[in-house]
Amino acid sequence: MAKFIPYGKQSIDEEDIQAVVKTLRGDWITQGPTIAEFENAVAQKVGAKHAVAVATGTAALHCACFAAGVTAGDEIVTSPVTFAASGNCALFLGAVPKFVDVRPDTYCLDAKKLERAITPRTKAIIPVDFSGQPCDMDEINAIARKHNVTVIQDAAHSLGAVYKGRPVGSLAHMTIFSFHPVKHITTGEGGMIVTDDPLLAKKLFLFRTHGITNEDTGMVLATQAADNDNPFSKGANPAKRAAWYYEMQALGYNYRITDMQCALGLSQLKKLDRFVERRRAIARRYTDAFKSSPVLITPHQEPDRQSSWHLYMLCLRPEKLQKTRRQIFDELRALGIGVHVHYIPLHLQPYYQDHLGCKRGDFPESEKYYDTALTIPLFPAMTDEEVDLVISSVLNVVS
């Protein structure tokens, strides 16, 4: 059996391990100072003023929708070519996800089709930076301003990417990142929302922790507590709470992340630039090797942005092949090449068809992409020999 090369994999070294061990030997393993340190480091890296670390990228999307004011009966707009969380985050709040088809070249949300999907019920646009290439953010932001809609950039794939000279994380009202092991850096599981808006940040922090706050400012019942056991100092402005007092001001969740995870994240963040550059180098090798193939389509890259290459997808030309995608997929897997398909469009999932009335034919570009796509391995720890093996295996199988 050939050694299996997965489509993605974490890169953990001794420095990462020792960072976690140091936290385990300290006083805090959760809700301690390392979380804020990690948040501040990511915010600085991506050019944002505030950052809120949470348990997963899915939690980050849920938090962002809450902060944007998404409630029952509202709508959000996103792309069908994405992981389930990009649409589910609206459903969690009783809202409805609406889809806009993707561009046929980048497979990102087509900004030219976006405005026709906006209605008076639209609360948020969630553009997905598919595979690591930023969406057409200038056009999307302009439409959002026109309709007074919040933009939540789903950058689960694009930490370290650049759009027109600006880092992803500084382009939208809120931007979410994922720290799953196959992503650019990992905390095991984890996510983060960054924003420049202090009011959004406050809502994000609140939602992360059951909707509970113990901050002195903003206590709703500060002046309503019983006089004989008032948890606030009389005459203080603002009222100073007793140490035991807290308030639940919203229906939030336990989406907290731990100091152990953030210690790993801090250590990983130091390597982000190196990880992204290695991903870009592998992507260049792939494109050089496959661009002349008559049966393969390599990913299109816009010249005004730099992808951070979470994924590298080839699209097949079925009319020129004597094999089906399934045959190619199975043959490559048998050779130890961990190919995958990202993603089955959301409108083709049974839940979305049963509950939202979606069906095949609704978004033809998304379906064309899905019907021909094949993700090949790409992660920083890949050796040059493994890259060569992927290239030769793909070319042999498709020929």
Side-chain angles (χ1 to χ4, degrees), residues 1-11 80-84 102 104-108 128-133 156-158 178 180-184 186 275 278-301 307-346 348-349 365-399:
M1 180 70 179
K3 176 185 175 182
F4 189 77
I5 305 172
Y7 85 85
K9 182 183 177 182
Q10 71 275 10
S11 297
V81 181
T82 184
F83 185 62
V102 298
D105 50 1
T106 65
Y107 318 125
C108 291
V128 179
D129 293 344
F130 188 61
S131 81
Q133 180 168 207
H157 290 190
S158 60
S178 168
H180 182 276
V182 299
K183 300 297 180 14
H184 303 85
T186 188
F275 286 167
R278 177 58 178 161
R279 287 177 177 273
R280 288 172 175 160
I282 295 170
R284 288 193 294 268
R285 288 276 310 279
Y286 282 159
T287 298
D288 288 345
F290 298 131
K291 64 185 179 183
S292 60
S293 170
V295 298
L296 300 173
I297 301 171
T298 55
H300 170 78
Q301 296 295 293
S307 175
S308 52
W309 289 103
H310 165 51
L311 300 172
Y312 191 99
M313 300 87 51
L314 293 167
C315 282
L316 307 174
R317 298 183 187 272
E319 72 280 5
K320 297 184 178 182
L321 285 163
Q322 297 181 351
K323 299 176 181 178
T324 65
R325 178 179 58 179
R326 177 62 185 271
Q327 289 174 311
I328 292 169
F329 183 97
D330 289 346
E331 288 182 31
L332 286 169
R333 281 286 182 103
L335 293 171
I337 309 302
V339 289
H340 215 299
V341 175
H342 295 89
Y343 296 95
I344 303 172
L346 284 186
L348 299 183
Q349 293 291 355
E365 294 297 343
S366 297
E367 293 163 20
K368 180 181 177 181
Y369 160 76
Y370 165 62
D371 289 343
T372 62
L374 194 68
T375 303
I376 60 177
L378 174 60
F379 52 93
M382 283 185 76
T383 65
D384 289 341
E385 291 74 20
E386 288 174 326
V387 175
D388 289 338
L389 179 59
V390 171
I391 290 171
S392 61
S393 299
V394 169
L395 290 175
N396 288 335
V397 169
V398 299
S399 67

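Rounding to the nearest 0.5 angstrom, the gap separating the CD atom in Gln301 from the CG atom in Asp105 is 10.0 Å. Taking CG from Leu374 and NE2 from His342, the interatomic distance works out to 10.5 Å, rounded to the nearest 0.5 Å. Taken to the nearest 0.5 Å, the CG atom of Leu395 stands 8.0 Å off from the OG atom of Ser292. The CG atom of Leu348 sits 15.5 Å away from the OH atom of Tyr343 when rounded to the nearest 0.5 Å. Taking CD of Gln133 as the reference point, atom OG of Ser308 lies at 10.0 Å (rounded to 0.5 Å). Here the straight-line distance linking atom CG of Asp384 with atom CZ of Arg285 works out to 5.5 Å at 0.5 Å rounding.
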Practice item. Please test Tyr370 against Val341 for side-chain contact (heavy atoms from CB on, under 4.5 Å), starting from the C-alpha separation and ending with a verdict. Key: CA-CA 8 Å; Tyr370 165 62; Val341 175; 3.8 Å; yes
Point to revise | Step-by-step side-chain contact (heavy atoms from CB on, under 4.5 Å) determination, Ile328 to Val339 | key: CA-CA 10 Å; Ile328 292 169; Val339 289; over 6 Å; no
Practice item. Walk me through it: do Lys183 and Ser178 pass the test side chain to side chain donor-acceptor pair (under 3.5 Å)? Key: CA-CA 7 Å; Lys183 300 297 180 14; Ser178 168; 3.1 Å; yes
Check your understanding: Can Asp288 and Arg284 be said to form a salt bridge (Lys or Arg N to Asp or Glu O under 4.0 Å), step by step?
Key -> CA-CA 6 Å; Asp288 288 345; Arg284 288 193 294 268; over 6 Å; no
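Two residues are said to be in side-chain contact when any heavy atoms from C-beta on lie closer than 4.5 Å; Tyr286 and Leu314 fail this criterion. Taking 4.5 Å as the limit, every side-chain heavy atom of Val81 sits out of range of all side-chain heavy atoms of Glu365. Looking at Pro104 and Lys368, their side chains never come closer than 4.5 Å, going by heavy atoms from C-beta outward. Using a 4.5 Å heavy-atom cutoff, the side chains of Arg325 and Thr372 are not in contact. Contact of the Ile337 side chain with the Ile376 side chain is not registered, since no non-hydrogen atoms from C-beta on lie closer than 4.5 Å. Between Met313 and Ser131, the closest side-chain pair of non-hydrogen atoms falls below 4.5 Å. Between Arg333 and His340, the closest side-chain pair of non-hydrogen atoms falls below 4.5 Å.
Nearest heavy-atom pair, Thr186 versus Gln10, reported as atom, atom and distance to 0.1 Å: CG2-CB, 4.1 Å. Between Trp309 and Leu378, the closest heavy-atom pair is O-CD2, 3.3 Å. Summarising the geometry of Thr106 relative to His300, their closest heavy-atom pair is CG2-CD2, 3.8 Å, with the distance given to 0.1 Å. Closest approach of Ser366 and Pro345 over heavy atoms only: O-CG, 3.9 Å. Heavy-atom minimum distance, Ile5 versus Met382: CG2-CE, 4.2 Å. Between Val102 and Pro80 the shortest heavy-atom distance is CG1-CD, 4.4 Å.
Side-chain atoms of Tyr312 and Thr287 form a donor-acceptor pair, as typed in the model, at a separation below 3.5 Å.
Ring orientation note: the planes of His184 and His310 are tilted relative to one another, at an angle of 30° to 60°. Between Tyr107 and Tyr369, the ring planes are tilted. Angles from 30° to 60° get that label. Between Phe130 and His157, the two ring planes are tilted [angle within 30° to 60°].
With Phe290 as the aromatic partner, Arg317 does not meet the cation-pi criteria of under 6.0 angstrom to the ring centre and within 45 degrees of the ring axis.
Lys323 contributes a side-chain N or O that, together with a main-chain N or O of Val397, makes up a donor-acceptor pair within less than 3.5 Å. Between the side chain of Ser393 and the backbone N or O of Val390, no donor-acceptor pair lies under 3.5 Å.
Other residues, nucleotides and ligands place more than 12 heavy atoms under 6.0 Å from the OH atom of Tyr7.
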